[in-house]
Amino acid sequence: MTYQTEINQLGQTIGTQGAPWNAIDAESAARMRLQNRFPTGLDIARYTAKIMREDMAAYDTDPAQYTQSLGCWHGFIGQQKMVAIKKHFGSTKRRYLYLSGWMVAALRSDFGPLPDQSMHEKTSVPALIEELYTFLRQADARELGGLFRELDAARERGDAVEAKRIEHAIESHETHVVPIIADIDAGFGNAEATYLLAKKMIEAGACALQIENQVSDEKQCGHQDGKVTVPHEDFLQKIRAIRYAFLELGVEDGIIVARTDSLGAGLTKQIAYSTEAGDLGDQYNSFLDCDEVAAEQIGNGDVLITRNGKLLRPKRLPSNLYQFRSGTGEDRCVLDCITALQNGADLLWIETEKPHIGQIGGMVSRIREVIPNAKLVYNNSPSFNWTLNFRQQVFDAWEAEGKDVSGYDRAKLMSVDYDGSDLATEADERIRTFQADAAREAGIFHHLITLPTYHTAALSTDNLAKRYFGDDGMLGYVKQVQREEIRQGIACVKHQNMAGSDIGDDHKEYFAGEAALKAGGKDNTMNQFAAA
């Protein structure tokens with residue numbers, strides 16, 4: 001629908017109401033409607049699910065068409081990320097948002113900062129999704145509001161050509177609303193609890209939910225020790241629960257990301273239920289660390305299983321958890337992934353202990369022997385020491401090639417002393433191309449950084465505090481923040497505008513006409529940035 005068609009239709013609606021609606025202006029109402037393109041979260045979920053499905057199909061054709069996101073812990077952070085993407089790249093295509101359960105726990109819980117152990121309020125997750133989309137929709141309203149003002153100015157000048165150009169820009173406006181991949185942790189309870197939370201997250205706008213195969217009451221951050229997984233059937237119930245939630249709400253393209261933590265999980269909560277040799281429960285149990293026992297060796301309280309005609313005693317810890325055999329992590333990951341895709345998941349997430357394309361690609365190759373179009377979401381985690389990892393990878397590669405590495409201490413490659421070295425240069429280049437290389441060689445469709453804005457907020461605040469409370473005083477803010485905002489064209493330097501002051505003024509004019517008391521007059525200090 002064109003801008004003018006929208007105005008004409010609203011004009012007809014207003015006209016049918018007669019004199020009581022005479023003060024309602026059709027073009028003003030059309031503008032407000034365009035500034036609110038997505039009335040509900042479900043409208044957003046349906047729209048963004050379609051985008052993700054199209055991007056997944058494009059990646060299957062060409063792995064160079066991978067997608068990316070950054071984790072954002074506040075609506076404003078997500079908004080500024082998308083504003084920056086449109087500013088620097090002209091389009092939001094293949095750029096998403098990630099919602100990290102870790103950051104919700106650490107930054108958004110009423111209990112205060114918490115570790116990533118699903119102790120935060122489950123409602124805080126859908127609340128953040130809604131907040132993110134509120135800020136993204138406001139970014140649309142702000143950008144369109146600027147175009148409307150430009151259109152009015154062109155009309156006042158009598159510049160029909162410019163007015164037509166701006167109308168076209170309004171009609172072709174690209175929204176800041178993009179897919180959110182949202183972390184539902186391990187479901188915060190049983191399958192019913194997972195379903196109920198999934199509904200809230202979808203209603204808030206999430207088109208993609210990421211769920212992991214850890215136990216919900218013992219859940220740990222993927223990069224910490226003590227992770228405990230559940231048998232496949234327990235996990236598949238939750239995948240099905242999420243699919244039912246999507247279908248109930250009419251988001252038929254909804255995406256489920258099945259995450260396996262098996263690579264770093266050495267424990268299971270329970271022995272899987274099995275009815276015959278080789279079934280899924282039996283395959284899960286085959287990874288248990290067991291001792292073969294004779295009848296006379298059975299002790300009080302022992303738990304026993306049989307396999308291949310043998311009586312086995314799984315190793316049970318005082319915590320009543322059972323131990324997997326060492327070295328089975330990759331095999332368990334592969335089985336987890338195949339099983340999840342065969343039972344309704346759309347994308348995979350393999351949580352690894354390091355960013356190593358060979359390791360990831362090796363597992364994906366095995367998965368693709370069964371599911372040829374298997375694709376991954378991958379955590380480019382801040383928990384990895386990227387500098388040290390890649391310098392060590394280069395060191396190992398050079399050593400294997402017979403190159404002289406005697407000038408390097410492998411254990412101390414993080415040292416600043418190596419920053420200008422050839423090894424460091426090659427490592428940095430591998431880091432730079434990691435996402436493209438891994439998309440091509442390891443089946444990674446979506447690259448994300450879980451916690452980047454947590455770290456950038458800490459770093460920038462530290463630098464400001466050091467300067468402002470030190471000898472620089474006010475210059476510490478002006479030189480390092482405001483002056484850079486102006487010179488780099490950061491829209492937020494006009495913070496009143498970013499917070500919606502101009503949108504509010506437009507509304508006041510719609511509602512009150514010439515009687516409107518607007519904030520954007522000649523005495524508004526934001527006018528000092530008119531040339532910024």
Side-chain angles (χ1 to χ4, degrees), residues 212-215 218-235 258-272 274 277-293 303-308 310-341 348-371 374 376 378-379 381 383-385 388-389 392-393 396-397 399-400 410-411 438 441-444:
E212 61 204 61
N213 69 334
Q214 292 192 52
V215 292
E218 303 262 7
K219 179 255 189 303
Q220 289 279 9
C221 171
H223 293 283
Q224 290 185 311
D225 205 355
K227 293 187 292 296
V228 182
T229 62
V230 297
H232 293 97
E233 181 52 37
D234 293 40
F235 186 54
R259 168 175 152 177
T260 172
D261 279 276
S262 290
L263 194 63
L267 302 170
T268 182
K269 181 77 170 179
Q270 63 203 62
I271 296 171
S274 173
D279 65 13
L280 195 54
D282 188 47
Q283 291 179 67
Y284 187 82
N285 293 339
S286 72
F287 297 115
L288 292 171
D289 192 0
C290 300
D291 294 320
E292 186 176 352
V293 295
V303 173
L304 304 172
I305 63 174
T306 59
R307 185 173 180 82
N308 297 326
K310 297 178 181 178
L311 191 62
L312 304 174
R313 179 171 52 210
K315 291 184 178 176
R316 185 166 55 159
L317 305 181
S319 59
N320 205 31
L321 300 172
Y322 297 90
Q323 188 170 298
F324 288 117
R325 295 195 317 276
S326 177
T328 62
E330 289 199 10
D331 290 339
R332 285 184 280 127
C333 278
V334 171
L335 180 60
D336 294 344
C337 291
I338 291 171
T339 302
L341 291 177
L348 302 171
W349 174 317
I350 300 176
E351 194 75 348
T352 67
E353 83 286 1
K354 60 182 179 294
H356 193 287
I357 293 174
Q359 179 196 42
I360 304 162
M363 287 187 281
V364 171
S365 293
R366 295 173 60 190
I367 296 164
R368 284 183 165 178
E369 290 175 5
V370 182
I371 314 287
L376 265 65
Y378 187 68
N379 177 8
S381 177
S383 293
F384 304 144
N385 184 331
L388 180 60
N389 264 291
Q392 289 180 338
Q393 287 180 38
D396 294 342
E399 188 175 51
R410 190 182 186 281
E441 300 171 22
I444 297 177

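Please read these numbers as outputs of a predicted model, since none were measured by experiment. One is the number of the first residue; the rest follow in order along the sequence.
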- Can you check whether D261 reaches R259 side chain to side chain, under 4.5 Å on heavy atoms? yes
- Item | Atom of Q270, atom of D234 and distance for their closest heavy-atom approach | NE2-OD2, 3.4 Å
- N213 versus T260, closest heavy-atom pair with distance: OD1-CA, 3.4 Å
- Between the main-chain N or O of D291 and the side-chain N or O of R313, is there a donor-acceptor pair closer than 3.5 Å? no
- Message: As a quick check of understanding, evaluate ring-ring contact (aromatic ring centres under 6.0 Å, His included) for F287 and Y322, giving each step before the final call.
- Response: CA-CA 11 Å; F287 297 115; Y322 297 90; over 10 Å; no
- Between OG1 of T328 and CG of D289, what distance do you get to the nearest 0.5 Å? 9.0 Å
- Taking C-beta and beyond as the side chain, do L335 and H232 meet within less than 4.5 Å on heavy atoms? yes
- What is the distance from atom OG of S262 to atom CD of E212, rounded to the nearest 0.5 Å? 11.0 Å
- Item | Donor-acceptor side-chain pairing of Y284 and T229 below 3.5 angstrom | yes
- Taking all non-hydrogen atoms of both residues into account, name the closest pair between V303 and P314 and its distance. O-CD, 3.1 Å
- Can you check whether Q283 reaches T339 side chain to side chain, under 4.5 Å on heavy atoms? no
- Task: Kindly say whether S381 contributes a backbone atom to a donor-acceptor pair with the side chain of N379 at under 3.5 angstrom?
- Result: yes
- Item | Side-chain donor/acceptor of Q392 to backbone N/O of R410, under 3.5 Å | yes
- Task: Would you indicate whether the side-chain heavy atoms of R307 and N285 approach each other to under 4.5 Å?
- Result: no
- Query: Less than 4.5 Å apart, any side-chain heavy atom of I350 and any of L376?
  - Reply: yes
- Task: Measure across P231 and A272 and return the closest heavy-atom pair with its distance rounded to 0.1 Å.
- Result: CB-CB, 3.7 Å
- Note on the structure: To the nearest 0.5 Å, atom OG1 of T306 lies from atom CG of D282 at 8.5 Å
- Of all the heavy-atom pairs spanning R332 and A265, show the shortest one and how long it is. NH1-O, 2.8 Å
- Query: Quick one: CZ on R316 to SG on C290, what's the gap to the nearest 0.5 Å?
  - Reply: 12.5 Å
- Note on the structure: Heavy-atom nearest pair, L263 first then E351, reads CB-O, 3.7 Å
- Query: Atom CZ of R325 and atom OG of S286: how far apart are they, to the nearest 0.5 Å?
  - Reply: 6.5 Å
- Note on the structure: Taken to the nearest 0.5 Å, the spacing of I360 CD1 from T352 OG1 works out to 5.0 Å
- Show the numbers, then the answer: is there a side chain to side chain contact (heavy atoms under 4.5 Å, CB included) between L288 and F324? CA-CA 4 Å; L288 292 171; F324 288 117; 4.1 Å; yes
- Query: Hey, are the side chains of R366 and D331 touching, using non-hydrogen atoms and a 4.5 Å cut-off?
  - Reply: yes
